[in-house]
Amino acid sequence: TQALAIKNLKKVYDDGYVALKGVDLDVAKGDFFALLGPNGAGKSTTIGVISSLVRKSEGSVSVFGNDIEHDLVRAKRSLGVVPQEFNFNQFEKVEDILVSQAGYYGLSARQAKPRIEHYLKKLGLWDKRFTQSRMLSGGMKRRLMIARALIHEPELLILDEPTAGVDIELRRSLWEFIKEINDQGTTIILTTHYLEEAEQLCRNIAIIDQGEIVENTSMKQLLSLL
Ligand code: ADP
Ligand code: ADP
(Lines give C-alpha, C1' and ligand atoms only; values in the text may rest on other atoms or scores of the structure.)
(Ligands and ions follow the chains in the order given, each with its own letter.)
Protein backbone atom coordinates (compact mmCIF):
# COMPACT_ATOMS: atom_id res chain seq x y z
CA THR A 1 0.00 0.00 0.00
CA GLN A 2 0.95 3.60 -0.60
CA ALA A 3 1.53 6.02 2.27
CA LEU A 4 -0.86 8.37 0.50
CA ALA A 5 -3.23 7.72 -2.38
CA ILE A 6 -5.35 10.56 -3.78
CA LYS A 7 -7.77 9.83 -6.58
CA ASN A 8 -9.61 12.40 -8.66
CA LEU A 9 -9.78 14.89 -5.80
CA LYS A 10 -11.95 17.91 -6.45
CA LYS A 11 -12.67 20.85 -4.22
CA VAL A 12 -15.14 23.59 -4.93
CA TYR A 13 -15.29 26.21 -2.17
CA ASP A 14 -18.64 27.59 -1.05
CA ASP A 15 -18.15 30.72 -3.15
CA GLY A 16 -17.90 28.51 -6.26
CA TYR A 17 -14.12 28.71 -6.62
CA VAL A 18 -12.65 25.46 -7.98
CA ALA A 19 -9.44 24.98 -6.00
CA LEU A 20 -8.75 21.34 -7.00
CA LYS A 21 -9.75 20.06 -10.42
CA GLY A 22 -9.20 16.30 -10.10
CA VAL A 23 -5.90 15.67 -8.39
CA ASP A 24 -4.28 12.21 -8.53
CA LEU A 25 -1.29 11.62 -6.32
CA ASP A 26 0.50 8.56 -4.96
CA VAL A 27 3.26 8.73 -2.41
CA ALA A 28 5.21 5.57 -1.58
CA LYS A 29 6.00 4.45 1.92
CA GLY A 30 9.31 5.89 3.11
CA ASP A 31 9.41 8.57 0.43
CA PHE A 32 10.43 12.19 0.91
CA PHE A 33 7.98 13.92 -1.38
CA ALA A 34 7.50 17.56 -2.38
CA LEU A 35 4.30 19.18 -3.56
CA LEU A 36 5.62 22.28 -5.30
CA GLY A 37 3.54 25.11 -6.65
CA PRO A 38 2.99 28.86 -6.62
CA ASN A 39 0.74 30.63 -4.11
CA GLY A 40 -2.88 29.81 -4.72
CA ALA A 41 -2.12 26.55 -6.58
CA GLY A 42 -4.09 24.38 -4.13
CA LYS A 43 -1.39 23.01 -1.82
CA SER A 44 -3.04 23.98 1.46
CA THR A 45 -6.41 22.86 0.19
CA THR A 46 -4.96 19.42 -0.59
CA ILE A 47 -3.45 19.17 2.89
CA GLY A 48 -6.68 20.45 4.40
CA VAL A 49 -8.59 17.62 2.76
CA ILE A 50 -6.04 14.98 3.82
CA SER A 51 -6.25 16.18 7.42
CA SER A 52 -10.08 16.40 7.34
CA LEU A 53 -10.11 20.15 7.94
CA VAL A 54 -11.46 20.87 4.46
CA ARG A 55 -14.43 18.94 3.09
CA LYS A 56 -13.74 17.43 -0.32
CA SER A 57 -16.25 17.79 -3.14
CA GLU A 58 -15.33 14.61 -5.01
CA GLY A 59 -12.70 11.87 -5.12
CA SER A 60 -10.97 9.82 -2.46
CA VAL A 61 -7.99 10.01 -0.15
CA SER A 62 -6.42 7.17 1.77
CA VAL A 63 -3.52 7.08 4.18
CA PHE A 64 -1.77 3.69 4.40
CA GLY A 65 -4.83 2.13 2.83
CA ASN A 66 -7.27 3.74 5.26
CA ASP A 67 -9.86 5.91 3.56
CA ILE A 68 -10.22 9.25 5.35
CA GLU A 69 -13.99 8.95 5.25
CA HIS A 70 -14.51 5.30 6.11
CA ASP A 71 -11.50 4.66 8.33
CA LEU A 72 -10.96 8.12 9.75
CA VAL A 73 -9.63 7.03 13.13
CA ARG A 74 -7.01 4.75 11.62
CA ALA A 75 -6.08 7.26 8.95
CA LYS A 76 -5.60 9.95 11.59
CA ARG A 77 -3.45 7.73 13.77
CA SER A 78 -0.88 7.25 11.03
CA LEU A 79 -0.87 10.92 10.07
CA GLY A 80 0.86 13.97 11.55
CA VAL A 81 0.20 17.38 10.00
CA VAL A 82 2.04 20.65 10.48
CA PRO A 83 -0.25 23.40 9.18
CA GLN A 84 1.01 26.80 8.17
CA GLU A 85 -0.82 28.90 10.67
CA PHE A 86 -0.29 28.65 14.41
CA ASN A 87 -3.33 27.26 16.11
CA PHE A 88 -2.31 26.83 19.74
CA ASN A 89 -4.08 27.88 22.85
CA GLN A 90 -2.01 31.02 23.43
CA PHE A 91 -2.07 30.71 27.22
CA GLU A 92 -1.20 27.04 27.42
CA LYS A 93 2.38 26.13 28.26
CA VAL A 94 4.56 24.33 25.75
CA GLU A 95 4.73 21.08 27.69
CA ASP A 96 0.99 21.10 28.41
CA ILE A 97 0.20 21.56 24.71
CA LEU A 98 2.12 18.36 23.99
CA VAL A 99 0.60 16.47 26.92
CA SER A 100 -2.91 17.35 25.66
CA GLN A 101 -2.01 16.32 22.14
CA ALA A 102 -0.68 12.98 23.37
CA GLY A 103 -3.94 12.58 25.28
CA TYR A 104 -5.93 12.73 22.04
CA TYR A 105 -4.07 9.62 20.97
CA GLY A 106 -4.66 7.81 24.22
CA LEU A 107 -1.23 8.39 25.76
CA SER A 108 -1.10 9.19 29.46
CA ALA A 109 1.06 12.09 30.66
CA ARG A 110 3.51 9.56 32.04
CA GLN A 111 3.77 7.72 28.72
CA ALA A 112 4.11 11.01 26.87
CA LYS A 113 6.84 12.52 29.07
CA PRO A 114 9.87 10.79 27.54
CA ARG A 115 8.72 11.58 23.99
CA ILE A 116 8.03 15.17 24.89
CA GLU A 117 11.47 15.51 26.41
CA HIS A 118 13.04 13.90 23.34
CA TYR A 119 11.35 16.18 20.81
CA LEU A 120 11.68 19.36 22.85
CA LYS A 121 15.40 18.74 23.27
CA LYS A 122 15.82 17.83 19.59
CA LEU A 123 14.01 20.97 18.51
CA GLY A 124 15.71 23.32 20.96
CA LEU A 125 12.60 24.02 23.02
CA TRP A 126 13.41 22.21 26.24
CA ASP A 127 14.18 25.46 28.09
CA LYS A 128 10.77 26.78 27.02
CA ARG A 129 8.69 23.89 28.31
CA PHE A 130 7.02 25.97 31.00
CA THR A 131 6.52 29.01 28.73
CA GLN A 132 3.10 30.01 27.40
CA SER A 133 2.96 29.50 23.65
CA ARG A 134 2.13 33.18 23.00
CA MET A 135 5.57 34.11 24.35
CA LEU A 136 7.46 32.07 21.76
CA SER A 137 9.08 33.56 18.66
CA GLY A 138 7.72 32.65 15.24
CA GLY A 139 10.46 30.11 14.68
CA MET A 140 9.84 28.52 18.07
CA LYS A 141 6.11 28.24 17.39
CA ARG A 142 6.91 26.48 14.14
CA ARG A 143 9.15 24.00 15.95
CA LEU A 144 6.46 23.44 18.57
CA MET A 145 3.99 22.60 15.82
CA ILE A 146 6.40 20.02 14.46
CA ALA A 147 6.84 18.47 17.92
CA ARG A 148 3.07 18.39 18.33
CA ALA A 149 2.60 16.63 14.99
CA LEU A 150 5.14 13.96 15.95
CA ILE A 151 3.98 13.16 19.46
CA HIS A 152 1.95 10.09 18.43
CA GLU A 153 4.82 8.98 16.15
CA PRO A 154 2.88 9.02 12.87
CA GLU A 155 4.10 7.00 9.89
CA LEU A 156 3.37 9.92 7.57
CA LEU A 157 4.33 13.51 8.38
CA ILE A 158 2.93 16.29 6.18
CA LEU A 159 4.33 19.79 6.49
CA ASP A 160 2.70 22.80 4.85
CA GLU A 161 5.46 25.23 3.87
CA PRO A 162 7.50 24.33 6.97
CA THR A 163 10.16 26.97 6.44
CA ALA A 164 8.04 29.88 5.18
CA GLY A 165 9.08 33.02 6.99
CA VAL A 166 11.89 31.42 9.00
CA ASP A 167 15.46 32.66 8.80
CA ILE A 168 18.12 30.76 6.87
CA GLU A 169 19.77 29.26 9.93
CA LEU A 170 16.58 27.81 11.34
CA ARG A 171 15.60 26.67 7.85
CA ARG A 172 18.75 24.57 7.61
CA SER A 173 18.29 23.07 11.04
CA LEU A 174 14.66 22.21 10.27
CA TRP A 175 15.78 20.55 7.05
CA GLU A 176 18.28 18.44 8.98
CA PHE A 177 15.68 17.51 11.56
CA ILE A 178 13.10 16.48 8.95
CA LYS A 179 15.71 14.48 7.04
CA GLU A 180 16.51 12.59 10.22
CA ILE A 181 12.85 11.75 10.75
CA ASN A 182 12.71 10.43 7.19
CA ASP A 183 15.90 8.38 7.70
CA GLN A 184 14.17 6.72 10.64
CA GLY A 185 11.47 5.50 8.28
CA THR A 186 8.74 8.14 8.45
CA THR A 187 7.27 9.12 5.09
CA ILE A 188 7.50 12.89 4.57
CA ILE A 189 5.44 15.14 2.33
CA LEU A 190 6.10 18.83 2.30
CA THR A 191 4.65 21.67 0.32
CA THR A 192 6.80 24.50 -0.81
CA HIS A 193 6.97 27.19 -3.41
CA TYR A 194 10.78 27.07 -3.45
CA LEU A 195 12.26 24.61 -5.93
CA GLU A 196 15.48 24.89 -3.95
CA GLU A 197 13.84 23.50 -0.85
CA ALA A 198 12.42 20.54 -2.75
CA GLU A 199 15.77 20.02 -4.43
CA GLN A 200 17.68 19.95 -1.15
CA LEU A 201 15.42 17.41 0.46
CA CYS A 202 13.09 15.43 -1.71
CA ARG A 203 13.33 12.28 -3.82
CA ASN A 204 10.06 12.69 -5.67
CA ILE A 205 8.03 15.70 -6.61
CA ALA A 206 4.69 16.76 -7.99
CA ILE A 207 4.06 20.22 -9.33
CA ILE A 208 0.61 21.68 -8.83
CA ASP A 209 -0.71 24.72 -10.66
CA GLN A 210 -4.24 26.14 -10.60
CA GLY A 211 -5.61 23.03 -8.94
CA GLU A 212 -4.01 20.55 -11.33
CA ILE A 213 -0.95 18.30 -11.12
CA VAL A 214 1.17 19.34 -14.08
CA GLU A 215 4.26 17.22 -13.38
CA ASN A 216 4.93 14.16 -11.23
CA THR A 217 8.42 12.73 -11.34
CA SER A 218 11.64 12.07 -9.46
CA MET A 219 13.67 15.07 -8.35
CA LYS A 220 16.59 13.74 -10.41
CA GLN A 221 14.49 13.55 -13.56
CA LEU A 222 13.04 17.01 -13.01
CA LEU A 223 16.47 18.57 -12.55
CA SER A 224 17.74 16.96 -15.74
CA LEU A 225 14.88 18.64 -17.64
CA LEU A 226 15.64 22.13 -16.35
P1 ADP B 1 -1.70 27.28 -1.86
O2 ADP B 1 -1.61 26.55 -0.56
O3 ADP B 1 -1.07 26.51 -3.00
O4 ADP B 1 -1.18 28.68 -1.79
P5 ADP B 1 -4.55 27.21 -1.39
O6 ADP B 1 -4.95 25.79 -1.36
O7 ADP B 1 -4.40 27.93 -0.10
O8 ADP B 1 -3.24 27.37 -2.28
O9 ADP B 1 -5.62 28.02 -2.24
C10 ADP B 1 -6.02 27.60 -3.55
C11 ADP B 1 -7.06 28.57 -4.06
O12 ADP B 1 -8.29 28.42 -3.31
C13 ADP B 1 -6.65 30.03 -3.92
O14 ADP B 1 -7.06 30.72 -5.07
C15 ADP B 1 -7.43 30.49 -2.71
O16 ADP B 1 -7.71 31.87 -2.79
C17 ADP B 1 -8.70 29.66 -2.77
N18 ADP B 1 -9.28 29.44 -1.46
C19 ADP B 1 -8.67 28.95 -0.37
N20 ADP B 1 -9.52 28.87 0.68
C21 ADP B 1 -10.70 29.31 0.23
C22 ADP B 1 -12.01 29.48 0.83
N23 ADP B 1 -12.23 29.15 2.09
N24 ADP B 1 -13.00 29.96 0.04
C25 ADP B 1 -12.76 30.27 -1.25
N26 ADP B 1 -11.59 30.14 -1.87
C27 ADP B 1 -10.56 29.67 -1.14
P1 ADP C 1 13.04 33.28 15.34
O2 ADP C 1 13.93 34.18 16.11
O3 ADP C 1 12.86 31.95 16.03
O4 ADP C 1 13.38 33.14 13.90
P5 ADP C 1 11.04 35.36 14.91
O6 ADP C 1 11.76 35.81 13.70
O7 ADP C 1 9.57 35.26 14.89
O8 ADP C 1 11.57 33.91 15.38
O9 ADP C 1 11.40 36.30 16.16
C10 ADP C 1 12.32 37.34 16.08
C11 ADP C 1 12.68 37.77 17.50
O12 ADP C 1 11.53 38.31 18.16
C13 ADP C 1 13.19 36.62 18.33
O14 ADP C 1 14.40 36.98 18.94
C15 ADP C 1 12.10 36.37 19.34
O16 ADP C 1 12.65 36.02 20.60
C17 ADP C 1 11.35 37.69 19.41
N18 ADP C 1 9.92 37.43 19.61
C19 ADP C 1 9.02 37.05 18.67
N20 ADP C 1 7.78 36.92 19.19
C21 ADP C 1 7.88 37.22 20.50
C22 ADP C 1 6.97 37.28 21.60
N23 ADP C 1 5.66 36.99 21.44
N24 ADP C 1 7.42 37.63 22.79
C25 ADP C 1 8.71 37.94 22.96
N26 ADP C 1 9.65 37.91 21.99
C27 ADP C 1 9.24 37.56 20.78
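Each ligand, and each atom within it, is numbered from 1 in the order the structure gives. One-based numbering along the sequence shown. Note that the structure is a prediction, hence the values are computed from the model and not measured.
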Test of proximity, Gln84 against ligand 1: N or O pairs below 3.5 Å
no
Backbone of Val166 reached by a side-chain donor or acceptor of Thr163 within 3.5 Å:
no
Is it the side chain (CB and beyond), the backbone, both or neither of Asp15 that lies under 4.0 Å from ligand 1, heavy atoms counted?
side chain
Protein heavy-atom contact under 4.0 Å for atom 15 (C) of ligand 1?
no
Treating Asp67 as the side-chain partner and His70 as the backbone partner, does any N or O pair qualify as donor plus acceptor under 3.5 Å?
yes
Closest non-hydrogen protein atom to atom 26 (N) of ligand 1, residue and atom name please, with distance?
Tyr13 CD1, 3.4 Å
min-distance protein heavy atom vs atom 8 (O) of ligand 1 -> Gly42 N, 3.1 Å
Is the shortest side-chain N to carboxylate O distance from Lys121 to Glu117 below 4.0 Å?
yes
Check ligand 1 against Ala41 and write out every atom of the ligand that is under 4.0 Å from a heavy-atom position of the residue.
1 (P), 3 (O), 8 (O)
Donor-acceptor pair, side chain of His152 and main chain of Leu79, under 3.5 angstrom:
yes
Is it the case that Arg171 places NZ or CZ above or below the six-membered ring of Tyr194, under 6.0 angstrom from the centre and within 45 degrees of the axis?
yes
Of Pro38, Gly37, Gly40, Gly16, the one whose closest heavy atom lies nearest atom 13 (C) of ligand 1 is Gly40
If you count the non-hydrogen atoms of other residues, nucleotides and ligands that lie under 6.0 Å from NZ in Lys21, is the total more than 12?
yes
Counting from 1 in the order shown, the ligand 1 atoms closer than 4.0 Å to a non-hydrogen atom of Ala19 are 12 (O)
Find all atoms of ligand 1 within a distance of less than 4.0 Å from any non-hydrogen atom belonging to Asn39, and give their numbers and elements.
4 (O)
Minimal non-hydrogen separation, Phe33 against Asp26, with atom names:
CE1-O, 4.2 Å
Among non-hydrogen protein atoms, atom 9 (O) of ligand 1 lies closest to Thr45 OG1, 3.9 Å
Specify whether the nearest protein heavy atom to atom 20 (N) of ligand 1 is under 4.0 angstrom away.
yes
Return the residue, atom name and 0.1 Å-rounded distance of the protein heavy atom closest to atom 7 (O) of ligand 1.
Ser44 CB, 3.5 Å
Could you point out which residue of Leu4, Leu9, Leu25, Val81 forms a side-chain contact (heavy atoms from CB on, under 4.5 Å) with Ile50?
Leu4
